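Before we start, here is the structure in question, set down as structure tokens.
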2 protein chains.
Amino acid sequence: MDLRQLRYFCAVVREGHFGRAAASLGIAQPPLTRQIQNLERRLGIELLHRTQKKFEVTQAGLLLYERARRLLDGADQAVDDVRRLGSGETGRLTVGFAPSNAFTLLPPVVTRFRSAYPDVELELRQLTTSNLVTSLESGSLDVALLRPPLSSRSLQIVTLIREPFLALVPSTHRLAARRAMQLRQFAGEPFVMYSRAGLPLLHARVMDMCRRAHFSPRIVQYADQIHTVAGFVDAGLGVAIAPSTVTRFNMPGLRILQIAETPVPLAMAMAWRTGTATGLVRNFTRIAREAAAAWQAAQPREAA
Amino acid sequence: MDLRQLRYFCAVVREGHFGRAAASLGIAQPPLTRQIQNLERRLGIELLHRTQKKFEVTQAGLLLYERARRLLDGADQAVDDVRRLGSGETGRLTVGFAPSNAFTLLPPVVTRFRSAYPDVELELRQLTTSNLVTSLESGSLDVALLRPPLSSRSLQIVTLIREPFLALVPSTHRLAARRAMQLRQFAGEPFVMYSRAGLPLLHARVMDMCRRAHFSPRIVQYADQIHTVAGFVDAGLGVAIAPSTVTRFNMPGLRILQIAETPVPLAMAMAWRTGTATGLVRNFTRIAREAAAAWQAAQPREAA
DNA sequence: GCCTTCAATACCTTCTGGGTATCGACAATG
DNA sequence: CATTGTCGATACCCAGAAGGTATTGAAGGC
């Protein structure tokens, strides 16, 4: 069977006239006549009963017309659905994210994606960074939001945003009125630190900053979430260093200062399996980039 | 959309291997590769994700596979149904018949047709000869069994059987022991005659025979069915002339003789609209011819 | 490290589908 | 009654697509 011939036949039946049917199909009349003849020959059935100059549709022709219309509609629908699925307008996308961005980048990305692709079923999974990587590699995640660095030849990584590090002091602190400070001014200060287990990357980064500033922090408290650290500083337990996300917290006893040394910012990235060319992932990464740019653009006025 | 490409794609997905798929399709591998590429290009979607040497079916490809299989099945089914309808293996056929053959030719024809084409819906209508003709011409009948002659340019007529006329006498009649007789021997005999209203053709034919034999029948009784006429003769009311159907009746008091003049036999014919080329009519007329031949073949040993 | 396997590519041939010109037949119309 | 217009069918030509053969390039198995 050939859908072209069915399409032609339907046009002839619908128009009741070879010339008009040919015009509606955008072809000339002779090829149309021939295709109908071919169709009849192939089926071995008379579909149109010719009575010199005019024709009438036979019973068999009428049946074929009904069936053909349904087939053609089905074919169009199938093409449409496959295109939508392939282009990522529909389907199911599993997104992994680290706890660290549950309250930062994730919400705007998800919101933006949902409104752009309402027909996509979005599944969100909070995992540790190492689990994110293995899940991405095994294919149980399509894409993940996580913190670099990460080393995996099979994953594609794009940095979405870079958060500068800021210094946190209680409002009662001697530096509270300043706009900026130097890291060595925290030497000997009671220090609120990220737990090595809960936030290994932040722990390492902050420890490294202190080391570069030639002092070892006098740690008086550990916490394993950024906003917990900020909360301890707010409560006056000590000072801390945190990514600019903290400017989003509303804590009356907290003062936020710029760091003169401007440490390498804390990056947030997005990763997916290299070679994954599905429209879903393509669309999600585009949306994520847009959301990150918007987020980044909204940040500086507070963090600058 | 092109069904060929869908068929090829399904084969590739089913076999999971271009070479085997090509073999199962009866084509070489390179054209198959190209067709799949064309299909992907036309849809603008990656259906098979190639990873050097092997490939895996994408989500979109899987969806297309499901849809394509249903489309292909639907197309095959449609072709099959149309073929069956067009070839007369299915559908609805309206057959008209005259009262005169309700008990002769019609039953074997219908039986034979039913067993040959059990899926055809057969509608039988008993009508007068003139109504048969007008119904055929108007299209409300597809085919009819009737007695010639009839004149209609738009109808195709085929004679199915020819029944010789026979003479009927009661077993007490002076001719009862003879095998044959001459028509003039019925001159003056009490005669059972077909009513002009009920069986105009038989009435005319018998009257004509008598006229050709130079006598006018002394009619003592009219009847409007053949078996009623035979019944009256069986009861001893008189003699009669009847078509060979009467040999099928089992009447102890009835003797059947051949007529020396061998009048032109009584024909039974079949008619349909010229130009009607539907498989149903073609099949029915073929079956009717076969049934008539069988009926005719079973006749002579009694009527000879 | 060599050989096999599998899809992709290059190139050629054939056949199918579409286009133009024209025919033949019917129908309407003056 | 002749003429003209309409409609489907036919004849012929051309372009493009589909299939075939030979070959390549890259992985994977021994």
Side-chain angles (χ1 to χ4, degrees), chain A residues 1-58 61 64-65 68 72 75 153-154 273-275 277, chain B residues 1-58 61 64-65 68 72 75 79 153-154 274-275 277:
Chain A
M1 250 310 83
D2 182 0
L3 284 190
R4 180 197 291 113
Q5 293 185 334
L6 292 186
R7 185 157 36 245
Y8 287 7
F9 178 69
C10 284
V12 171
V13 172
R14 190 171 350 101
E15 304 283 345
H17 187 285
F18 276 75
R20 277 193 296 277
S24 84
L25 290 166
I27 63 171
Q29 170 259 319
L32 179 59
T33 293
R34 240 182 318 136
Q35 289 298 336
I36 301 298
Q37 289 172 337
N38 286 349
L39 179 60
E40 287 183 302
R41 206 169 310 129
R42 197 175 302 188
L43 289 172
I45 296 294
E46 186 184 43
L47 300 171
L48 303 177
H49 189 64
R50 277 85 161 173
T51 66
Q52 307 282 31
K53 190 173 162 69
K54 293 295 266 182
F55 65 85
E56 58 183 1
V57 185
T58 65
L64 184 63
Y65 177 66
L72 291 170
R153 264 196 74 266
S154 67
R273 228 171 21 269
T274 47
Chain B
M1 249 310 84
D2 181 1
L3 284 190
R4 181 197 288 113
Q5 294 185 332
L6 293 185
R7 187 157 34 245
Y8 286 7
F9 178 69
C10 284
V12 171
V13 172
R14 190 172 349 103
E15 303 284 344
H17 187 285
F18 276 75
R20 277 194 295 276
S24 83
L25 290 166
I27 63 171
Q29 169 258 318
L32 178 59
T33 293
R34 241 180 318 136
Q35 289 298 336
I36 301 299
Q37 290 172 337
N38 287 349
L39 179 61
E40 287 183 303
R41 206 169 311 130
R42 196 176 303 187
L43 289 172
I45 296 294
E46 186 184 43
L47 300 171
L48 303 177
H49 188 65
R50 277 83 160 176
T51 66
Q52 306 285 29
K53 191 173 162 70
K54 293 296 264 183
F55 63 85
E56 57 183 1
V57 185
T58 65
L64 182 63
Y65 176 65
L72 292 170
V79 169
R153 265 197 74 267
S154 68
T274 47

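For clarity, every value in this text was computed on a predicted model and none was experimentally measured. First the proteins, then the strands, lettered A, B, ... as listed; each starts at 1.
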Notebook entry, point to check: What residues, two or more places apart in sequence or in another chain, satisfy ring pair (Phe, Tyr, Trp, His ring centres under 6.0 Å) together with B:F18?
Noted result: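 For B:F18 the ring pair (Phe, Tyr, Trp, His ring centres under 6.0 Å) partners, ignoring immediate neighbours, are B:F55.
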Check: At their closest point, which heavy atom of B:E40 faces which heavy atom of B:L48, and how far apart are they?
Finding: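 Smallest heavy-atom distance, with atoms named: OE2-N, 3.0 Å.
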Margin query: Just to be sure I understand the geometry, which residues of residues 35-44 of chain B put a non-hydrogen atom under 4.0 Å away from DNA chain C?
Written below: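 Residues of residues 35-44 of chain B that come under 4.0 Å of DNA chain C are, in numerical order, B:Q37.
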Check: In residues 10-20 of chain B, which residues come under 4.0 Å of DNA chain C by heavy atom?
Finding: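 Within residues 10-20 of chain B, the residues near DNA chain C are B:H17, B:F18, B:G19.
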Notebook entry, point to check: Under the side-chain hydrogen bond (donor to acceptor under 3.5 Å, both in side chains) rule, what pairs show up with a residue in residues 13-23 of chain A, not counting sequence neighbours?
Noted result: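 Sorted result for residues 13-23 of chain A: empty, none.
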Next item on the list: Would you check, one step at a time, whether the test side-chain contact (heavy atoms from CB on, under 4.5 Å) holds for A:D2 with A:R42?
Entry: CA-CA 10 Å; A:D2 182 0; A:R42 197 175 302 188; 4.0 Å; yes
Notebook entry, point to check: Atom OH of B:Y8 to atom P of D:dA17: distance rounded to whole Å?
Noted result: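 Spelled out: OH on B:Y8 to P on D:dA17 is 15 Å.
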Note to self: Just so I know, are the side chains of A:L47 and A:Y65 near enough to count as touching, which here means a heavy-atom distance under 4.5 Å?
What the structure shows: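 No. Closest side-chain heavy atoms not under 4.5 Å.
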Check: How close do A:I36 and A:F9 get, heavy atom to heavy atom, and via which atoms?
Finding: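 Closest approach of A:I36 to A:F9: CD1-CA, 3.5 Å.
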Notebook entry, point to check: About how many Å separate CZ of A:R34 and CD of A:Q37, when rounded to the nearest 0.5 Å?
Noted result: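 It comes to 8.5 Å.
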Check: Can you check the B:I27 CD1 to D:dG20 P distance for me, whole Å?
Finding: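 In whole Å, D:dG20 P lies 6 Å from B:I27 CD1.
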Polar atoms only, N or O, under 3.5 Å: list the protein pairs with nucleotides 21-30 of chain D and their distances.
residue : atom : partner : partner atom : Å
D:dA27  : OP1  : B:Q52   : NE2          : 3.0

Check: Which atom names give the shortest non-hydrogen contact between B:S24 and B:A11, and what distance separates them?
Finding: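 Nearest heavy atoms, B:S24 then B:A11: OG-CB, 4.2 Å.
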Check: What closest approach, in Å, do A:E46 and A:R50 show between heavy atoms, and which atom pair accounts for it?
Finding: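 Shortest heavy-atom separation between A:E46 and A:R50 comes out as OE2-N, 4.5 Å.
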Notebook entry, point to check: Run the side-chain contact (heavy atoms from CB on, under 4.5 Å) check on A:L32 and A:Q29 step by step: do they pass?
Noted result: CA-CA 5 Å; A:L32 179 59; A:Q29 170 259 319; 5.5 Å; no
Next item on the list: Would you name the heavy atoms of A:M1 and A:L39 that are closest together and state the gap between them?
Entry: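 Here A:M1 and A:L39 meet closest at CE-CD1, 3.9 Å.
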Margin query: What's the separation between atom NE2 in A:H49 and atom CD in A:E56, rounded to the nearest 0.5 Å?
Written below: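 Between A:H49 NE2 and A:E56 CD, I get 6.0 Å after rounding to 0.5 Å.
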Next item on the list: Report the C-alpha separation of B:L64 and B:L6 in whole Å, then their side-chain angles, then the decisive distance to 0.1 Å, and conclude whether the side-chain contact (heavy atoms from CB on, under 4.5 Å) test is met.
Entry: CA-CA 8 Å; B:L64 182 63; B:L6 293 185; 4.1 Å; yes
Item checked: Heavy-atom contact window of chain B on DNA chain C, given 5' to 3' at under 4.0 Å ->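 For DNA chain C, the relevant span reads C:dT5 to C:dT9.
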Check: Once you round it to whole Å, what is the distance between C1' of D:dG16 and CG of B:D2?
Finding: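 Atom CG in B:D2 sits about 14 Å away from atom C1' in D:dG16.
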